[in-house]
Amino acid sequence: MRRRHWLGLCAWCLLAVVVEVGLYLSYHDHDAGFHWFAHFYAGASAALLLMSLVSWRQRRPVGLPLLWVVAAHLYAMVPDLLFVTGIPHQPWMDVFLGHLTIHYIPGANLTLFAIFMASFAVYLGVISRAAGANDDATMAP
Amino acid sequence: MHQLIALWLAVGAVLGGLSLVSRLTTDPLDDPNPAYQRPGFLDVSGPPYPAAPLGAGLPADGSRSVIFFTRPSLEASLVAALETDPGLRAAARLVIVVCGRPLAPPRAAITAVAESPACPTAHLDRMRTPRDGGPPVGYAIVGPNGLVRYTTLDPEVATHLSEVETMTRTV
């Protein structure tokens with residue numbers, strides 16, 4: 001039973017990785033890395049903070065966490081998808097997790113990486129506490 | 001708890017490593033600050049400003065112009081790409097400024113201008129300097145009023161002409 005659970009989980013992990021590789025390749029140039037990482041870190045950070053909130057309220061980790069990250073990354077990328085259809089970037093597109101502005105913050109992708117790592121630490125902290133609370137509840141007489 | 005810390009460190013190492021590799025594999029013709037390369041929106045460096053005159057009525061009054069800056073070794077591929085792109089030719093007057101000795105002869109419908117390797121027009125049009133410190137490979141989009149609205153370095157511009165057209169049609 002436990003093995004099937006892990007196989008299912010890995011299938012979702014694999015799907016998430018394949019989608020992210022596809023998104024990276026969709027930029028198809030050597031300057032792709034900069035844009036992919038920027039929007040990935042912005043999307044993933046937003047997803048992790050939202051996942052932390054949901055996990056904290058539900059007192060258990062969210063299901064399929066990598067799909068939350070992929071979904072948030074896709075949301076952050078919407079202006080790039082619109083660009084492909086002939087719609088250039090415009091200031092209001094910052095509603096997509098700061099799509100334009102995040103490129104010009106001090107430290108650029110290094111800052112976004114730090115925010116991502118901090119958000120990831122918050123999420124891991126929340127699910128760790130949730131797991132501890134559940135263990136206490138299970139062990140309580 | 002230790003497993004979560006190990007996971008945090010592993011994810012950080014993988015993504016940090018990939019970010020570093022990505023940063024190290026840039027092209028010498030790329031912009032030193034990638035935020036200014038192909039930004040996809042107008043007036044990224046501030047208010048519009050007048051385009052440098054190129055002679056012979058260029059940039060043209062009352063119509064859009066795209067001024068491509070390139071190096072002699074890249075001129076032929078750029079000209080070939082432009083000749084097979086009627087959409088962009090219909091959208092704007094196309095000018096190629098070759099920073100250095102041009103190899104390919106000028107073609108009809110695409111004006112070619114030879115300049116010294118210092119490429120003074122590129123400086124006047126406020127083109128950014130690539131990582132290798134040489135003349136820029138990229139383009140400036142000039143609106144019908146003669147004002148520069150968009151500049152970017154793009155070493156692979158010959159494969160991005162649809163992107164150039166998208167930006168050109170917005171000015």
Side-chain angles (χ1 to χ4, degrees), chain A residues 17 20-21 24 27-38 40-41 44 48 61 65-66 69 79-80 82-94 99-110 112-114 116-129 131-132, chain B residues 1-45 87 91 131 138 141 149-150 152-157 159-160 162-171:
Chain A
V17 170
E20 286 298 341
V21 170
Y24 181 87
Y27 285 98
H28 66 73
D29 280 310
H30 47 80
D31 54 349
F34 175 75
H35 295 282
W36 183 88
F37 278 112
F40 173 78
Y41 289 144
L48 285 163
L66 286 181
V69 171
D80 289 335
L82 292 174
F83 194 96
V84 175
T85 68
I87 301 172
H89 293 356
Q90 293 161 32
W92 67 264
M93 291 181 178
D94 265 341
H99 187 90
L100 276 64
T101 304
I102 59 167
H103 292 310
Y104 303 96
I105 60 173
N109 281 9
L110 188 61
L112 294 170
F113 176 67
F116 164 77
M117 290 303 291
S119 304
F120 192 30
V122 168
Y123 177 66
L124 293 178
V126 167
I127 63 172
S128 174
R129 285 178 67 94
Chain B
M1 189 60 166
H2 288 118
Q3 285 179 330
L4 293 180
I5 292 173
L7 176 64
W8 186 81
L9 289 173
V11 168
V14 169
L15 286 174
L18 289 173
S19 294
L20 189 63
V21 168
S22 164
R23 191 85 178 107
L24 294 176
T25 54
T26 50
D27 191 297
L29 299 180
D30 280 337
D31 196 305
N33 184 346
Y36 289 94
Q37 185 158 314
R38 301 167 63 209
F41 61 98
L42 300 176
D43 306 323
V44 65
S45 300
R131 296 169 68 88
I141 298 176
R149 302 295 310 279
Y150 188 77
T152 180
L153 299 183
D154 187 356
E156 298 177 9
V157 66
T159 61
H160 296 152
S162 62
E163 183 176 311
V164 180
E165 185 177 343
T166 294
M167 294 310 301
T168 300
R169 291 191 183 279
T170 64
V171 301

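Each chain gets a letter, A, B and so on, in the order the sequences are listed, and its residues count up from 1.
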(message) Taking side chain as everything from C-beta outward and backbone as N, CA, C, O, which of these in A/A108 sits under 4.5 Å from a heavy atom of chain B? Side chain, backbone, both or neither.
(response) neither
(message) Looking at every heavy atom in both B/P39 and A/Y104, which two are closest together, and how far apart are they?
(response) CB-OH, 3.7 Å
(request) Over all heavy atoms of both residues, which pair between A/I87 and B/T166 is shortest? Give the atoms and the distance, please. (result) N-CG2, 4.3 Å
(request) For the residue pair A/I127 and B/L4, establish whether any side-chain heavy-atom pair is separated by less than 4.5 Å. (result) yes
(request) Could you tell me whether a side-chain N or O of B/W8 sits under 3.5 Å from a main-chain N or O of A/M117, the two making a donor and an acceptor? (result) yes
(message) Once side chain to side chain donor-acceptor pair (under 3.5 Å) is applied, do any residues pair with B/R131, and if so which ones, sequence neighbours excluded?
(response) B/T26
(request) Against chain A, label B/S19 side chain, backbone, both or neither, depending on which of its atoms sit under 4.5 Å from a heavy atom there. (result) both
(message) Can you tell me which portion of A/Y123 sits under 4.5 Å from chain B's heavy atoms? Options are side chain, backbone, both or neither.
(response) neither
(request) Of all the heavy-atom pairs spanning B/Q37 and A/H35, show the shortest one and how long it is. (result) O-NE2, 3.8 Å
(message) I need the residue from B/L15, B/T170, B/V11 with the largest number of non-hydrogen atom pairs under 4.5 Å to chain A.
(response) B/L15
(request) Check whether B/V44 gets within reach of chain A through its side chain, its backbone, both or neither, counting any heavy atom under 4.5 Å. (result) side chain
(request) Could you tell me which portion of A/I102 (side chain, backbone, both or neither) has an atom closer than 4.5 angstrom to a non-hydrogen atom of chain B? (result) neither
(request) Can you tell which part of B/Q3 gets under 4.5 Å to a heavy atom of chain A, answering side chain, backbone, both or neither? (result) neither
(request) Measure A/F37 against the heavy atoms of chain B and call it side chain, backbone, both or neither at under 4.5 Å. (result) side chain
(request) Would you indicate whether the side-chain heavy atoms of B/E163 and A/F83 approach each other to under 4.5 Å? (result) yes
(request) Write down the atom of B/A35, the atom of A/H103, and the distance for their closest heavy-atom approach. (result) CB-O, 3.4 Å
(request) To the nearest 0.5 Å, tell me how far B/L20 CG sits from A/L110 CG. (result) 10.5 Å
(request) Kindly indicate whether the side chain of B/F41, heavy atoms from C-beta on, has any atom under 4.5 Å from the side chain of A/H99. (result) no
(message) Report which part of B/L18 has an atom under 4.5 Å of a heavy atom belonging to chain A: side chain, backbone, both, or neither.
(response) both
(request) Quick one: list whatever passes side chain to side chain donor-acceptor pair (under 3.5 Å) with A/T101, sequence neighbours left out. (result) A/D94
(request) State, to 0.1 Å, how close B/S22 and A/G33 come at their nearest heavy-atom pair, and which atoms those are. (result) OG-CA, 3.2 Å
